Chemist: 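I'd like to ask some things about the structure below.
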Amino acid sequence: MLDLKEVAKNFDAVVARLNDRGGKLDLSRFQALFAERKQLYTELEANQAQKNRVQDEMKTDPEKRKALSGAMKELGAVIKEQEARLKALEEALSGVMLQLPNVPHPSVPTGPDESANQVVKTWGKKPDFLFAPKQHFELGEKLGLLDFERAAKVSGPRFAFSRGALARLERALVAFMIDQHVARGYEELLPPYLVSREAMTGTGQLPKFEDDAFKTQGDHELFLIPTAEVPVTNFHADEILELPLPRRYVAFSPCFRAEAGSAGRDTRGLIRMHQFHKVEIVRFAHPEDSLGELDELVADASNILELLGLPYRVSLLCTGDMGFASQKTFDLEVWLPGQNAWREISSCSNFGDFQARRAKIRFRPGPGEKPQLLHTLNGSGLAAGRTAVALLENYQREDGSVGLPEVLWPYMGGIKELTAR
RNA sequence: GGAGCAGUGGCCGAGCGGUUGAAGGCAGCGGUCUUGAAAACCGCAGAUGUCGAAAGGCAUCCGUAGGUUCGAAUCCUACCUGCUCCGCCA
């Protein structure tokens, strides 16, 4: 969430930058609501002050108590009515605020969609094949390691069974990634996979994107997490952290996405699933350091791709392509020779204080100083399923078998390649 | 799921209708003492909102939401969370 007073103060500039994201915002009500709120506050507080003054006199004087208690009752009713009006106003205002996305950082290029993203780095060499490289699902199905039909039978479309060595590969990747991040200073967390509405609101998935989430039935409402970002960022909700910052966490979790309306895109394969597995890295950073920390986050995610020998590139997303809560985002895209395309495998974002304000995550800048909102960042490090896809497509051989990079062998119990079951 | 107990400032913890925004302790800050530090002593010190150029004033906040009352941290109701015991379960 944006800061209410900042928005009011810099209204035109904020609206202009928000419009760079595309879509149109209707903020016609905002300024009227804000002015009304201010006015009502002044009136209400004057009445409350009056009430407190009289009450003070009544405390010690039984005569006054008798004489004034009727008038006080009336004043009480007025106050109550004003409070109710104020509450309604605040709700309307915060309803508007909750719909507003984050303001893109000045260093973010302006543009309508992914065509305006800037590739800032390319790493690795695309593999040369003497044959036509296959897509991962052809490879997987031919090896008998990937089964979409049975998953459809059990769960419907956009689910998959991995079998044998491929199932193990994803487990190995997760362990490998976590170990790497822990070695670089992250604390491992195993988070809950079901979270409350508050947690989803804290990180910005709600209220705007409720349709994208799976949620439980019955009076006990819980949401299946779309990413470990939600439980891990909310880990410090309502807290005041002591220095030093940053705090770094790495968490594995399955991720659940309903993505209503995405039917028809990437219908085949593992790229777009209702459930996938991801290792997420999260930082709670000092506001002054958060831009640099975003670079470190990108480096931490890149490290995994480099160790696995997967060619990738880094894009700075433009205003129109960024997520709702993000201030600045770098996407890591891995090369998929079977698809002959770069595909997103990690998204690293700096949220500024947008999530921190919603989830009330603060830090104390110095001993005795006032608590201040900190900055939150997170990135995939990496999406495990898509990493497996990348390995299949980049390390495939003409006979359909797939070699595995040496760093994974210990995690695979000595298995060095994927061959037909 | 059933029964009981509890939720107070950064942390611990008193208070149980008006004098309490809240005792006391710890942590923090400033000072005295000291070559320096520690200890001891003295003082300062919550959050949010609102008015104001500022100094400062005012308001709200004792798990959350309501209610009773002229007045609620204190009484009532519901809900949430935690703890203990029982049941169930990996």
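Since we're looking at a predicted model, the values are computed, not measured. Just so we're on the same page: letters track the sequence lines, and every chain starts at 1. Both backbone and side-chain heavy atoms feed into the values below; hydrogens, waters and symmetry mates do not.
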Chemist: What is the distance, to the nearest angstrom, from the CD atom on A:Gln39 to the P atom on B:C51?
Modeler: 10 Å
Chemist: Parallel, tilted or perpendicular: which one describes the rings of A:His236 and A:Tyr249, with boundaries at 30° and 60°?
Modeler: tilted
Chemist: Without decimals, in angstroms, what is the distance between A:Asp56 CG and B:G71 C1'?
Modeler: 11 Å
Chemist: Check each of A:Thr233, A:Leu377, A:Asn234 against A:Gln355 using the side chain to side chain contact (heavy atoms under 4.5 Å, CB included) test, and report the only one that passes.
Modeler: A:Thr233
Chemist: What's A:Ile240 touching, base or sugar-phosphate or nothing? Going by heavy atoms closer than 4.0 Å.
Modeler: sugar-phosphate
Chemist: May I ask you to check whether A:Phe30 and A:Phe11 place their ring centres under 6.0 Å from each other?
Modeler: yes
Chemist: Would you indicate, yes or no, if B:U68 has its OP1 or OP2 atom less than 4.0 angstrom from a side-chain nitrogen or oxygen of A:Lys80?
Modeler: yes
Chemist: Between B:A47, B:C51, B:U68, which nucleotide gets closest to the side-chain atoms of A:Thr42?
Modeler: B:C51
Chemist: Both A:Arg53 and A:Arg364 contact RNA chain B. Which one's nearest nucleotide lies toward the 5' end?
Modeler: A:Arg364
Chemist: If B:G9 has a Watson-Crick or G-U wobble mate with both distances under 3.5 Å, name it; if not, just say none.
Modeler: none
Chemist: Between A:Ile79 (CD1) and B:U60 (P), how many Å, whole number?
Modeler: 8 Å
Chemist: Counting heavy atoms from C-beta on, name the nucleotide in B:U50, B:G71, B:U60 closest to the side chain of A:Gln48.
Modeler: B:U60
Chemist: Is the phosphate of B:A59 approached by A:Asn52 (side-chain N or O, under 4.0 Å from OP1 or OP2)?
Modeler: yes
Chemist: Take atom C1' in B:G21 and the same atom in B:A45, then report the distance between them in whole Å.
Modeler: 13 Å
Chemist: Using the C1' atom as the point on both nucleotides, what is the distance between B:C62 and B:U74, in whole Å?
Modeler: 10 Å
Chemist: Does CD belonging to A:Glu288 count more than 12 external heavy atoms closer than 6.0 Å?
Modeler: no
Chemist: Across all strands shown, which nucleotide pairs with B:U35 by Watson-Crick or G-U wobble geometry, both distances under 3.5 Å?
Modeler: none
Chemist: Just to verify, which of A:Leu317, A:Asp295, A:Asn350, A:Leu297 counts as forming a side chain to side chain contact (heavy atoms under 4.5 Å, CB included) with A:Phe330?
Modeler: A:Asp295
Chemist: Among the nucleotides B:U50, B:G71, B:G10, which one has an atom lying closest to any side-chain atom of A:Glu45?
Modeler: B:U50
Chemist: May I ask you to say what A:Lys370 touches in the nucleic acid, namely base, sugar-phosphate or nothing, with a heavy-atom cut-off under 4.0 Å?
Modeler: sugar-phosphate
Chemist: Can you tell me, in whole Å, how much space there is between the C1' of B:A55 and that of B:A78?
Modeler: 46 Å
Chemist: If you count heavy atoms of other groups shown closer than 6.0 angstrom to CZ of A:Arg150, is the number above 12?
Modeler: no
Chemist: In the structure shown, which nucleotide is the Watson-Crick or G-U wobble counterpart of B:U60, with both distances under 3.5 Å?
Modeler: B:A47
Chemist: For the pair made of NZ in A:Lys5 and P in B:G52, what is the distance, rounded to whole Å?
Modeler: 12 Å
Chemist: Considering only side-chain heavy atoms of A:Arg362, which listed nucleotide, B:U50, B:A47, B:C70, is closest?
Modeler: B:A47
Chemist: Taking a pair as Watson-Crick or G-U wobble with both distances under 3.5 Å, which nucleotide is matched to B:G17?
Modeler: none
Chemist: A:Asn47 CG to B:A59 C1': how many Å, rounded?
Modeler: 11 Å
Chemist: Under 4.0 Å between a side-chain N/O of A:Lys38 and OP1 or OP2 of B:G49, yes or no?
Modeler: no
Chemist: Taking a pair as Watson-Crick or G-U wobble with both distances under 3.5 Å, which nucleotide is matched to B:A54?
Modeler: none
Chemist: Taking the C1' atom in each of B:A14 and B:C26, what is the distance between them to the nearest angstrom?
Modeler: 15 Å
Chemist: Quick check: on RNA chain B, is the nucleotide nearest A:Asp3 upstream (toward 5') of the one nearest A:Gly76, or the reverse? Name the residue that is more 5'.
Modeler: A:Asp3
Chemist: Please report the distance, rounded to the nearest Å, between CD in A:Gln82 and C1' in B:G49.
Modeler: 16 Å
Chemist: Would you say A:Lys87 places a side-chain N or O within less than 4.0 Å of OP1 or OP2 belonging to B:G49?
Modeler: no
Chemist: Specify the separation, in whole Å, of atom CD of A:Glu91 and atom C1' of B:U64.
Modeler: 14 Å
Chemist: Quantified in whole Å, what is the P atom distance between nucleotide B:G25 and nucleotide B:A39?
Modeler: 16 Å
Chemist: Heavy atoms from C-beta onward define the side chain here; which of B:U50, B:U68, B:C70 lies closest to that of A:Gln55?
Modeler: B:C70
Chemist: So does A:Glu369 reach the base of B:G28 with its side chain, donor to acceptor, closer than 3.5 Å?
Modeler: no
Chemist: Which one, B:G71, B:A47, B:U50, comes nearest to the side chain of A:Pro371?
Modeler: B:A47
Chemist: In the structure shown, which nucleotide is the Watson-Crick or G-U wobble counterpart of B:G4, with both distances under 3.5 Å?
Modeler: B:C83
Chemist: In whole Å, what separates the C1' atom of B:G10 from that of B:G28?
Modeler: 9 Å
Chemist: Any chance you could lay out the ring-ring contact (aromatic ring centres under 6.0 Å, His included) test for A:His375 and A:Phe354, step after step, and finish with the verdict?
Modeler: CA-CA 8 Å; A:His375 284 191; A:Phe354 189 86; over 10 Å; no
Chemist: What interatomic distance, in whole Å, is found between C1' of B:C5 and the corresponding atom of B:A90?
Modeler: 29 Å
Chemist: What is the distance, to the nearest angstrom, from the CG atom on A:Leu89 to the C1' atom on B:G49?
Modeler: 14 Å
Chemist: Does B:C75 have a Watson-Crick or wobble mate here (both distances under 3.5 Å), and if so which one?
Modeler: B:G67
Chemist: Can you check the distance between B:C16 and B:A73, where both ends of the measurement are the P atom (answer in whole Å)?
Modeler: 14 Å
Chemist: Are more than 12 heavy atoms, taken from residues, nucleotides or ligands other than A:Gln372, located less than 6.0 Å from that residue's CD atom?
Modeler: yes
